[in-house]
Student: 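Handing you this structure, nothing more for now.
Values below: every heavy atom of this structure, side chains too, minus hydrogens, waters and symmetry copies.
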Amino acid sequence: MLQQTQAARAAVYFQRFVARFPDFSSLADADPDQVLKLWEGLGYYSRARNLQAAAKIIAGRGVFPDTLEGIAALPGVGPYTAGAVAALALGLDHAAVDANVERVLSRSHDIDAPIKERQGRERVRELAAALLPPGRAGDFFQALMELGEVVCRPKNPACGLCPVADLCQARHLGIVAERPVRAKGKSIELITVATAVFRCQGLIFIQRRRPGGAWGNLWEFPGGRVEAGEAPEDAAVRELSEETGFSARVEAPLGVIRHGYTTYRVTLHCYLLAPADPTLPGLPFPVLTAAVESRWASLADLDGLAFPAGHRKLIDSLRADLRFF
DNA sequence: AAAGCGTGGCC
DNA sequence: TGGCCAAGCTT
């Protein structure tokens, strides 16, 4: 949970998660959809799948690995997580280098190579190994992470409060703000998306995304990009048709939701759609092109399923304003 | 090697 | 507001 996620935010999810899955076997035997639901809103959903896969491996063996290599071989466990578990949990002499440690060391030792690229990484790795105090690696790296989060912050570092300010090279050089060296940033793309809440016989059509890629295995409303010059309501009808084969018309606008991503900033234009031909009996049957599974759900049903955060915001707005439901 | 993968907080 | 960032991993 802590991978690319601020600790305070992960903590809330962690408490709920371990209350529901207190050991490896309970997680190994869990319904994957329940695991995903407990991960809803946290992002990077492959972590949830990897964690359950790791739990199955550990539960199957009956023992937790006791070496760095054994830990690192588990799915979803990379260099940082393996080092952190080895050092903090098992007391082994291994480095745990996260973004905090990278930032602290890049300042204390004035690393002038981009910190996210190979050369900068290698410098940090060497430094971390050289500084590692045998027998106390866990305390040491946890302290470095804490120092980075509380004092040696990305912006407005509290150098006046820093216990190691005297040995900080960047501070002596007056270039703390220039460390770590960042790779050149990519601009955020603004995209407009139409989202279709297709209602038929009082039920809402939802579909499950493919396992790979973004939001793998999560449920969603059909939708997609609004083309240049296209009206959002037309895009909602078109996307629904392309993804399901349904013929629909716009019944009402449901509002606009803005949602941020790392590389995109999305504006969701949401519409309530109804069958184009209201005289057709029963629920229409979809021909799925963008999803692997679908279902007709009540508003209450949606609460038990995992949706991307933007779509969850839409569901919340539907429940808050029951004009149409 | 570099891009894909989420989300919300912060300034 | 918009860009940056977080207890990174996988392909």
Side-chain angles (χ1 to χ4, degrees), chain A residues 1-14 36 39-51 53-54 71-89 94-106 114-122 124-125 128 137-150 152-157 177-191 209-218 220 257-268 306-313:
Chain A
M1 285 183 179
L2 293 167
Q3 292 165 1
Q4 289 286 281
T5 303
Q6 292 179 344
R9 182 167 157 69
V12 179
Y13 282 82
F14 178 79
L36 210 48
W39 210 275
E40 183 187 47
L42 199 54
Y44 286 140
Y45 297 97
S46 63
R47 292 181 296 177
R49 293 193 297 280
N50 285 333
L51 185 58
I71 298 165
L74 295 168
V77 176
Y80 162 71
T81 305
V85 171
L88 309 195
H94 293 293
V97 177
D98 74 332
N100 290 301
V101 176
E102 286 177 350
R103 185 171 58 253
V104 170
L105 295 183
S106 76
I115 203 65
K116 295 297 183 189
E117 293 177 13
R118 191 180 52 79
Q119 214 173 349
R121 276 241 156 82
E122 186 62 15
V124 171
R125 201 191 59 72
D139 286 344
F140 179 71
F141 285 103
Q142 191 160 357
L144 273 190
M145 290 187 255
E146 193 77 6
L147 182 67
E149 183 189 336
V150 177
C152 195
R153 297 175 297 226
K155 290 181 181 173
N156 304 322
E178 296 162 43
R179 298 288 179 271
V181 176
R182 302 289 177 191
K184 59 174 163 48
K186 279 159 282 187
S187 61
I188 293 175
E189 189 182 354
L190 306 177
I191 60 179
R209 297 178 61 87
R210 281 187 249 281
W215 302 290
N217 288 337
L218 273 72
E220 67 169 8
I257 291 173
R258 291 176 211 290
H259 190 63
Y261 300 77
T262 304
T263 51
Y264 297 110
R265 189 174 299 275
V266 177
T267 305
L268 292 176
F307 284 81
H311 289 200
R312 177 53 65 187
K313 288 181 190 172

Student: For A:E102 and C:dC9, give me the distance from atom CD to atom P, rounded to whole Å.
Tutor: 10 Å
Student: Using modelled atom types and a 3.5 Å cut-off, is there a donor and acceptor pairing between side-chain atoms of A:R265 and backbone atoms of A:E189?
Tutor: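 Not at all, since once roles are kept as given, no pair shorter than 3.5 Å links the two residues.
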Student: Counting just side-chain N and O atoms, does A:H259 come under 4.0 Å of either OP1 or OP2 of B:dT7?
Tutor: yes
Student: Nearest whole angstrom, please: distance from the C1' of B:dG9 to the CD of A:E149.
Tutor: 13 Å
Student: Without decimals, in angstroms, what is the distance between A:L42 CG and B:dG9 C1'?
Tutor: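 The answer, rounded to whole Å, is 14 Å.
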Student: Expressed as a whole number of Å, how far does the P atom of C:dC4 sit from that of B:dA3?
Tutor: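 It comes out at 15 Å once rounded to the nearest Å.
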Student: From the options C:dA6, B:dG8, C:dG3, select the nucleotide whose nearest atom is closest to the side chain of A:K313.
Tutor: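 That would be B:dG8.
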Student: Could you check whether the side chain of A:T5 and the base of C:dG8 have a donor-acceptor pair of N or O atoms closer than 3.5 Å, going by distance alone?
Tutor: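 Answer no: no donor N or O sits under 3.5 Å from an acceptor.
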Student: At 4.0 Å (heavy atoms only), tell me whether A:F141 reaches a base, stays on the sugar-phosphate, or touches nothing.
Tutor: nothing
Student: So, using ring-ring contact (aromatic ring centres under 6.0 Å, His included) as the criterion, who are the partners of A:H311 when residues are at least two apart?
Tutor: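 Once residues adjacent in sequence are excluded, the partners of A:H311 under the ring-ring contact (aromatic ring centres under 6.0 Å, His included) criterion are A:F221.
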Student: Classify A:A214 by what it touches in the nucleic acid, base, sugar-phosphate, or nothing, heavy-atom distance under 4.0 Å.
Tutor: sugar-phosphate
Student: About how many Å separate CD of A:E122 and CZ of A:R125, when rounded to the nearest 0.5 Å?
Tutor: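 Nearest 0.5 Å value for the CZ-CD distance: 4.5 Å.
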Student: Do A:E102 and A:V97 come close enough that some side-chain heavy atom pair is under 4.5 Å?
Tutor: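 Yes; the side chains approach each other to less than 4.5 Å.
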Student: Could you give the CD-to-P distance, from A:E189 to B:dC5, as a whole number of Å?
Tutor: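 After rounding, the gap between these two atoms is 13 Å.
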Student: Given C:dA6, is OP1 or OP2 found less than 4.0 Å from the side-chain N or O atoms of A:Y44?
Tutor: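 No.
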Student: Can you see if the side chain of A:R118 gets near the phosphate of B:dA1 - specifically, an N or O under 4.0 Å from OP1 or OP2?
Tutor: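 The answer is yes; a side-chain N or O of A:R118 sits under 4.0 Å from OP1 or OP2.
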Student: Categorize A:R49 for me: base, sugar-phosphate, or nothing, with a 4.0 angstrom heavy-atom threshold over every strand shown.
Tutor: nothing
Student: Check the distance between B:dG4's P and A:N50's CG and give it to me in whole angstrom.
Tutor: 19 Å
Student: Tell me whether the side-chain N or O atoms of A:R182 pair up with the base of C:dG3 as donor and acceptor below 3.5 Å, since no angle test is needed here.
Tutor: no
Student: Taking only the P atom of each, what is the distance from C:dA7 to B:dG4 in whole angstrom?
Tutor: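 Those two atoms are separated by 24 Å.
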Student: I want to verify a distance call: between B:dC11, B:dG6, B:dT7, whose nearest atom is closest to the A:Q4 side chain?
Tutor: B:dG6
Student: Has the side chain of A:Q3 got a donor or acceptor atom that lies under 3.5 Å from a matching backbone atom of A:G76?
Tutor: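 Judged by distance alone, yes, a pair lies under 3.5 Å.
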Student: When you measure from the side-chain N and O atoms of A:R153 to the phosphate of C:dA6, is any distance below 4.0 Å, counting only OP1 and OP2?
Tutor: no
Student: In whole angstrom, give the distance that lies between atom CE of A:M1 and atom C1' of B:dG8.
Tutor: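 In whole Å, B:dG8 C1' lies 16 Å from A:M1 CE.
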Student: In whole angstrom, give me the gap between the C1' atoms of B:dC5 and C:dA6.
Tutor: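 Roughly 14 Å separates the two C1' atoms.
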Student: For A:R265 and A:W215, take the nucleotide of DNA chain B holding the closest heavy atom to each; which residue's nucleotide lies nearer the 5' end?
Tutor: A:W215
Student: Between B:dG8, C:dG8, C:dC5, which nucleotide has the shortest distance from any of its atoms to the side chain of A:P154?
Tutor: C:dC5
Student: Using atom P in both nucleotides, what's the gap between B:dG8 and C:dC9 to the nearest angstrom?
Tutor: 22 Å
Student: Can you figure out which of C:dT10, C:dG8, B:dT7 approaches the side chain of A:T81 most closely?
Tutor: C:dG8
Student: Check every strand shown and say whether A:V101 touches a base, only sugar-phosphate, or nothing at a heavy-atom separation below 4.0 Å.
Tutor: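 Nothing, no heavy atom under 4.0 Å.
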Student: Applying side-chain contact (heavy atoms from CB on, under 4.5 Å), can you list everything that pairs with A:R209, at least two apart in sequence or on another chain?
Tutor: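 A:R209: side-chain contact (heavy atoms from CB on, under 4.5 Å) contacts with A:A214, A:W215, A:E220.
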Student: Atom CD of A:Q6 to atom P of B:dG9: distance rounded to whole Å?
Tutor: 9 Å
Student: Starting the side chain at C-beta, find the nucleotide from C:dG8, C:dA6, B:dG6 nearest to A:Y45.
Tutor: B:dG6
Student: Given side chains that start at C-beta, do those of A:N100 and A:L147 come closer than 4.5 Å, heavy atoms only?
Tutor: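 The answer is no; the side chains never approach within 4.5 Å.
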Student: Would you indicate which nucleotide in C:dA7, C:dC9, B:dT7 comes nearest to any side-chain atom of A:P79?
Tutor: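 Side chain of A:P79 sits closest to C:dC9.
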Student: For A:R47 and C:dT10, what is the distance between atoms CZ and C1' respectively, to the nearest whole Å?
Tutor: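 One finds 13 Å between C1' of C:dT10 and CZ of A:R47, rounded.
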Student: Between A:G216 and A:E117, just flag the one whose closest nucleotide in DNA chain B comes earlier from the 5' side.
Tutor: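 Here A:E117 is the residue nearer the 5' end.
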